Number of protein chains: 2
Amino acid sequence: MSNHPPRSTIADVARHAGVSKATVSRFLNHRDTLLSPEIARRVEAAIEALSYTPSPMARALKRGRSRLIGLVVADITNPYSVAVLSGAEQACRQAGYLMMLFNLGNERERESVGLQVLSTYQVEGFILNTMGLEQGAVLTPALRGRPVVLVDRLHQGLDVDFVSLDNRQAVDACLDHLMAAGYRDFLFVSEPLGAVSSRIERIRAYETRLAALGAPATGWWIEAGAGDPAGLARALRDLRAGARRPPAVIAGNGVVTMRIVAAVAELGWRLGPDIGLIGIDDTPWAPYVGPGISAVAQPTDALGSLAAQCLIERIGGLAVPARTIRLPGTLMARGSTRLEP
Amino acid sequence: MSNHPPRSTIADVARHAGVSKATVSRFLNHRDTLLSPEIARRVEAAIEALSYTPSPMARALKRGRSRLIGLVVADITNPYSVAVLSGAEQACRQAGYLMMLFNLGNERERESVGLQVLSTYQVEGFILNTMGLEQGAVLTPALRGRPVVLVDRLHQGLDVDFVSLDNRQAVDACLDHLMAAGYRDFLFVSEPLGAVSSRIERIRAYETRLAALGAPATGWWIEAGAGDPAGLARALRDLRAGARRPPAVIAGNGVVTMRIVAAVAELGWRLGPDIGLIGIDDTPWAPYVGPGISAVAQPTDALGSLAAQCLIERIGGLAVPARTIRLPGTLMARGSTRLEP
DNA sequence: TTGTAAGCGTTATCAC
DNA sequence: GTGATAACGCTTACAA
């Protein structure tokens with residue numbers, strides 16, 4: 001249990017350099033202001049000698065700023081969230097911020113608690129990737145006026161920067177690809193819509209595009225939760241039964257893609273010839289499942305780092321109206337959307 | 001830009017309740033000590049009325065404790081790390097700790113920087129899941145005497161609690177399963193060993209078990225990095241060429257499993273009949289890749305939460321010798337280890 | 001150009 | 001039992 005020497009404080013540095021604490025502080029924070037080179041040198045040497053690092057805690061207490069960014073995620077277990085997190089974390093680090101993580105573990109009600117806790121630690125801003133369940137109004141007080149950026153999911157009544165996939169483009173890419181591949185009958189499968197804006201947007205985009213396609217194409221959509229795999233299989237069977245030729249399914253996200261793959265395996269169908277499948281969200285496994293699963297890959301890293309950048313700009317005081325950034329997905333065509341075996 | 005009312009402080013509460021700050025503080029921290037019920041009630045009411053929450057920053061400054069736990073991960077992008085992180089985060093939360101995340105992004109040299117930064121924020125302890133590259137000696141000063149628990153990977157000269165998969169059991173399970181399935185010629189594929197203890201342990205376990213198996217079984221092992229997919233394919237071809245019957249591959253972790261799957265796809269072989277495959281680390285996709293990929297699943301959640309629990313005990317002052325916790329993996333037998341198609 | 005001193009929100013050590 | 005008061009490590013008026 002070796003007792004470590006306490007970290008050196010600004011007072012130690014001051015003493016070592018034979019100056020006052022104020023001078024050291026000045027050296028640290030306002031190197032630009034007048035400061036005799038001689039003294040500066042001494043302070044610098046002292047800092048070096050004592051390997052002094054300012055305490056962010058004390059700083060935060062005094063200035064109200066903490067160099068901390070709070071990240072609230074619906075479910076850290078979701079690879080999409082992690083991918084975004086990873087991009088954001090990198091950007092934060094580069095800007096000298098540290099990330100404080102609060103995972104909701106899919107307990108939606110914990111969202112305002114999360115914000116509260118994080119504000120209590122004086123985080124300077126929030127990146128939110130949650131269910132969007134709680135209205136902006138209930139969240140706002142917990143935010144305590146700190147800037148926020150939303151990723152992938154909007155909150156009603158929270159008029160802040162928003163970074164997300166261009167859902168229209170992504171869904172259009174799916175449908176156009178399927179049409180080009182020869183499919184004509186479609187089913188869009190989404191996780192339960194709830195209040196999750198991205199899910200809703202994707203359904204809307206699907207309906208819109210379908211309508212534009214006109215007569216030759218037919219399409220429905222369903223919600224499929226984790227609870228009812230049999231229901232999903234049934235829906236697929238109905239779909240195929242009602243179609244003139246092999247139909248195609250669009251999966252609203254990576255989780256749904258998995259469920260559909262499972263259901264299709266269960267049914268003993270071949271992906272591609274028996275039923276087309278394309279999903280939003282690409283995964284490392286996609287190329288190796290069956291004939292390869294077609295997908296629209298999200299630029300997750302870019303989404304995360306843009307979110308962080310937006311937030312950091314806001315923290316820096318940028319005062320423009322709320323921005324919306326939409327990034328396009330990129331189509332990865334694989335065997336699951338080839339009619340010919 | 002609505003300016004929010006500043007959060008209420010202990011002074012506000014004291015004023016509101018007509019008592020001194022000290023009394024409020026006592027109510028908060030030593031409710032057990034003498035405290036007239038009447039006053040207690042007033043303080044409680046005031047806290048409620050002002051919806052006061054103590055500032056962890058100020059507390060940390062004063063007491064040196066912060067209710068923060070620092071997590072350093074080699075690569076947040078690795079699903080294994082995330083799974084562990086998720087378990088740990090949950091346990092921390094339940095114990096009233098918040099998680100501060102530092103991602104190395106696979107830049108090994110940043111490890112001591114990470115510790116430094118986190119200690120600067122007064123984290124009360126560390127959970128480390130890093131490359132184990134830096135020796136304990138160089139890390140120790142950055143730890144500043146705070147407790148640490150290592151997950152999955154040991155550090156030379158860091159004699160602390162350690163939580164990990166029972167690598168021997170896991171590797172034995174792989175080999176025994178393969179033997180039972182009729183395979184006799186083996187190849188263990190690992191990521192580059194470096195100083196990563198888990199990789200080394202698994203190789204050792206493999207060699208040991210192989211030796212115990214004796215004459216009928218033959219086996220080699222190789223390191224395969226991300227850089228040389230062709231090399232991996234070549235190794236597989238050699239393996240199969242040199243074997244009397246279909247050989248089997250054991251993948252040292254999930255990443256390697258992916259690479260092998262890719263290589264086998266490239267070669268146009270059927271998993272199972274042409275070449276057996278079992279990997280350490282299970283993934284949601286494994287059942288749907290080819291005939292299903294056999295795997296030994298790690299109890300990641302348990303690993304994470306145990307790590308957190310150990311750490312929290314240490315923070316609480318527990319002073320027993322360094323503990324090692326080994327959790328068994330569980331075999332998931334699937335088509336990739338069935339010789340008959 | 002530098003130093004003194006007050007204060008950020010707590011907790012702990014005294015007195016009373 | 002409760003209340004001043006002095007830290008904790010830092011920043012920032014205000015003096016000098």
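Computed from a predicted model, the values in this text were never measured in an experiment. Protein chains get the first letters and strands the later ones, always in sequence-line order, with residue 1 at the start of each.
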Spacing between B:Gln122 atom CD and C:dT10 atom P, to the nearest angstrom: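 Rounded to the whole Å, the gap is 16 Å.
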
Nearest-angstrom distance from the residue atom CD1 of A:Ile10 to C1' of D:dA7: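 It is 16 Å, rounded to the nearest whole Å.
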
Selected nucleotide, minimal atom distance to B:Leu28 side chain, candidates D:dC10, C:dC8, C:dT11: C:dT11

B:Thr77 side, atom OG1; A:Glu89 side, atom CD - distance, nearest 0.5 Å: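 Atom-to-atom, B:Thr77:OG1 and A:Glu89:CD are 10.0 Å apart.
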
Interatomic distance, B:Gln122 atom CD to B:Leu61 atom CG [nearest 0.5 angstrom]: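 Going from CD on B:Gln122 over to CG on B:Leu61, the span is 7.5 Å.
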
More than 12 heavy atoms from other groups under 6.0 Å of CD on A:Glu109: yes

D:dG9 OP1/OP2 closer than 4.0 Å to side-chain N/O of A:Thr9: no

A:Phe27 six-ring centre to A:Arg31 NZ/CZ under 6.0 Å and within 45° of normal: yes

Audit row: A:Arg59, A:Asn29, side chain to side chain donor-acceptor pair (under 3.5 Å) steps and yes/no: CA-CA 11 Å; A:Arg59 269 181 137 123; A:Asn29 305 297; 2.8 Å; yes

DNA chain C contacts made by residues 36-57 of chain A, counting heavy atoms under 4.0 Å: A:Ser36, A:Ile39

Collect all protein-nucleotide pairs involving nucleotides 12-16 of chain D in which both atoms are nitrogen or oxygen and the distance is under 3.5 Å.
unit_1: D:dT12; atom_1: OP2; unit_2: A:His30; atom_2: NE2; d: 3.3

Close side-chain approach of B:Leu118 and B:Phe126, heavy atoms under 4.5 Å: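 Side chain of B:Leu118 against side chain of B:Phe126, heavy atoms only: contact under 4.5 Å found.
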
Rounded (10°) bend between the five-pair end axes of the helix from C:dT1-D:dA16 to C:dC16-D:dG1: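 Angle reported: 50°, given to the nearest ten degrees.
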
Sugar-phosphate, base or nothing in reach of B:Leu35, heavy atoms under 4.0 Å: sugar-phosphate

Side-chain donor/acceptor of B:Ser119 to backbone N/O of B:Ala142, under 3.5 Å: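 It does hold such a pair.
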
